[in-house]
Protein chains: 2
Amino acid sequence: MLLQNPTKKTAVTTSDKVFEQLQHAIVEGDMAAGSKISEPELAKRYEISRSTLREALNRLEKCHLIERKANIGSRVVDCTIEGLLELYITREALEGMACRQAALNMTDKEIADMQNMLAQHAGDKALQDGVAYYQEEGDVDFHYKVILGSHNQQLINLICGQLYHLVRMYRCQFGMHSPRATRAFTEHSNIIQAISERDGELAELLMRRHIAASRKNIENKIALQKAAQQSEET
Amino acid sequence: MLLQNPTKKTAVTTSDKVFEQLQHAIVEGDMAAGSKISEPELAKRYEISRSTLREALNRLEKCHLIERKANIGSRVVDCTIEGLLELYITREALEGMACRQAALNMTDKEIADMQNMLAQHAGDKALQDGVAYYQEEGDVDFHYKVILGSHNQQLINLICGQLYHLVRMYRCQFGMHSPRATRAFTEHSNIIQAISERDGELAELLMRRHIAASRKNIENKIALQKAAQQSEET
DNA sequence: TTTATATTTATTGTCGACAATTCTTGCTAA
DNA sequence: TTAGCAAGAATTGTCGACAATAAATATAAA
């Protein structure tokens, strides 16, 4: 998985390493969503002191992967449908704006790089059509490039440093390696087109629709699952 | 100042209290922006151990008031013009979306409350025209009510829990107790109108323009300051 | 049996000390 | 004089132990 936060250096301190391990464990569901976290137990398991564990927990809290209450303790964040939809609405706002700023602020070279990337994806796509690869890495790469292209540190930190951990968590736990590959590819193309024409307004609009489409796709999926469950129960 | 984060309980633990004190110190400039933080010194000054100080520092980092580098230390965040503009762009995206959601999700009672609040502000405004009061508390109250009205926990946490500390810091340090009172009041009225008509699209548009107007107001102010400085130097 | 209270247990918050790393100072050599 | 290196000082990271708070259990009263 190459989809690491591009703004972050490699871990140096031990609490950094533990943070990364815990992050993976939570995102991939090895630590159950909503479960309570026992500091003594975790510290023992990772063979570190409670202090450095708490340091790691603080970072997890920063990207909203756990929640802490004073004198009570930490819990892994819950994965609710409402939370997922809220997350996508937030993404729509932030990434939409990031896309507008990208259209204004990206260098010509950055734009060319992104166009090349898309062309390469097109080739891959022709080979093995609509498979996981594109949606998994390609999609993330595309969105990262746009976000970084905004050249707005505030937006970059919020989206890459915080929001995307949650996004990955939901994707893993709800098992949505989205089958929108083909349509998403076209949408990506149109967005890049708008950016290369320096049309911030259109770029934002397209990005927002792109994310809103994902959200609606999820809503439909959920509705179908519910219907299936209900017919199963009867 | 009643403009506390409405989602947060009163501090119980000592690191909570120190966090609040440091927060005020940073926001109001008692700790200089960009200055280095010495853990031993601060711990001594507040008469606490380094552990609980570090706990407080972690919370400050969470709302982006300080920045930490591994093995090097913490610095109070810098107050640059670019940072301020970036912040307002982010606000535009997030509060715009929050406003749209508020139009969809606020209860009739919440809307009525907000209308009453505005009517009261109108009275205050008639008495002491355009003074600090309205812009200081009234403005913050209004924005908070809209954000909470979104009923979107993700948005609420991001804006109230993180962004607004920085906003207050910039307002203090750059001394902008904005003189846009009258215009802002009208804009607020229009936004509430759109919300009460459940017109999410218009509500978002108006909120974005409202914040963008603030940003442009700041840009002008800065440009004037620069011009004044230059003519002074000659 | 159920509710309320008291006691015990476990967990989190706080502390001071040591280890690892970075910064500073002073020295040596070109 | 300046550049680079080495020893020392200071700062941050990590550790284990104790104190304060919350949860669990047992006991007593209604």
Side-chain angles (χ1 to χ4, degrees), chain A residues 5 7-26 31-78 161, chain B residues 5 7-26 31-78 161:
Chain A
N5 178 351
T7 62
K8 192 181 158 195
K9 323 279 182 198
T10 55
V12 281
T13 175
T14 57
S15 61
D16 268 321
K17 293 173 201 160
V18 174
F19 162 70
E20 289 187 358
Q21 295 183 56
L22 288 175
Q23 188 183 318
H24 278 88
I26 291 177
M31 299 182 72
S35 63
K36 181 155 191 325
I37 290 176
S38 162
E39 292 185 5
E41 185 201 320
L42 263 192
K44 206 182 294 172
R45 188 187 309 172
Y46 286 87
E47 297 178 324
I48 56 176
S49 87
R50 260 184 64 225
S51 312
T52 115
L53 173 67
R54 273 153 79 74
E55 186 70 36
L57 292 182
N58 270 317
R59 305 215 188 131
L60 290 173
E61 195 186 6
K62 257 176 247 166
C63 37
H64 302 253
L65 290 177
I66 71 172
E67 285 170 350
R68 265 181 63 189
K69 286 179 187 172
N71 284 319
I72 292 192
S74 317
R75 308 193 79 91
V76 178
V77 83
D78 254 328
Chain B
N5 177 352
T7 62
K8 192 183 157 195
K9 324 277 185 205
T10 55
V12 282
T13 175
T14 57
S15 61
D16 268 323
K17 294 173 200 160
V18 174
F19 162 70
E20 289 187 357
Q21 295 184 53
L22 289 174
Q23 188 183 319
H24 278 87
I26 292 177
M31 298 182 72
S35 64
K36 181 153 191 327
I37 289 176
S38 162
E39 292 185 5
E41 186 201 320
L42 263 192
K44 206 180 294 173
R45 189 187 309 174
Y46 286 86
E47 297 178 324
I48 55 176
S49 87
R50 260 184 64 225
S51 311
T52 114
L53 173 67
R54 273 153 81 76
E55 186 71 36
L57 292 182
N58 270 318
R59 306 217 186 128
L60 290 173
E61 196 185 5
K62 259 176 246 166
C63 37
H64 302 253
L65 290 178
I66 71 172
E67 285 169 350
R68 267 181 62 189
K69 286 179 187 171
N71 284 318
I72 293 196
S74 317
R75 307 194 79 92
V76 178
V77 81
D78 254 328

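Chain naming here is simple, since letters A, B, ... match the order of the sequence lines and numbering starts at 1 in each.
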> What string of B, S and - do you get for nucleotides 8-22 of chain D 5' to 3' if you count protein non-hydrogen atoms under 4.0 Å?
Replying inline: ----BBBBB----SS
> Rounding to a whole Å, what distance do you find between A:Leu57:CG and C:dT11:C1'?
Replying inline: 13 Å
> Does B:Ala25 have any side-chain contact (heavy atoms from CB on, under 4.5 Å) partners at least two apart in sequence or in another chain, and if so, which?
Replying inline: B:Asp30, B:Met31
> Among all residues two or more places apart in sequence or in another chain, which pass the side chain to side chain donor-acceptor pair (under 3.5 Å) test with A:Glu41?
Replying inline: A:Arg45
>> Can you list everything that forms a side-chain contact (heavy atoms from CB on, under 4.5 Å) with B:Ser74? Sequence neighbours excluded, please.
In response: B:Ile37, B:Leu57, B:Ile66, B:Arg68
> Partners of B:Glu39 by salt bridge (Lys or Arg N to Asp or Glu O under 4.0 Å), sequence neighbours excluded?
Replying inline: B:Arg50, B:Arg54
> Excluding sequence neighbours, so at least two apart, what forms salt bridge (Lys or Arg N to Asp or Glu O under 4.0 Å) with A:Arg75?
Replying inline: none
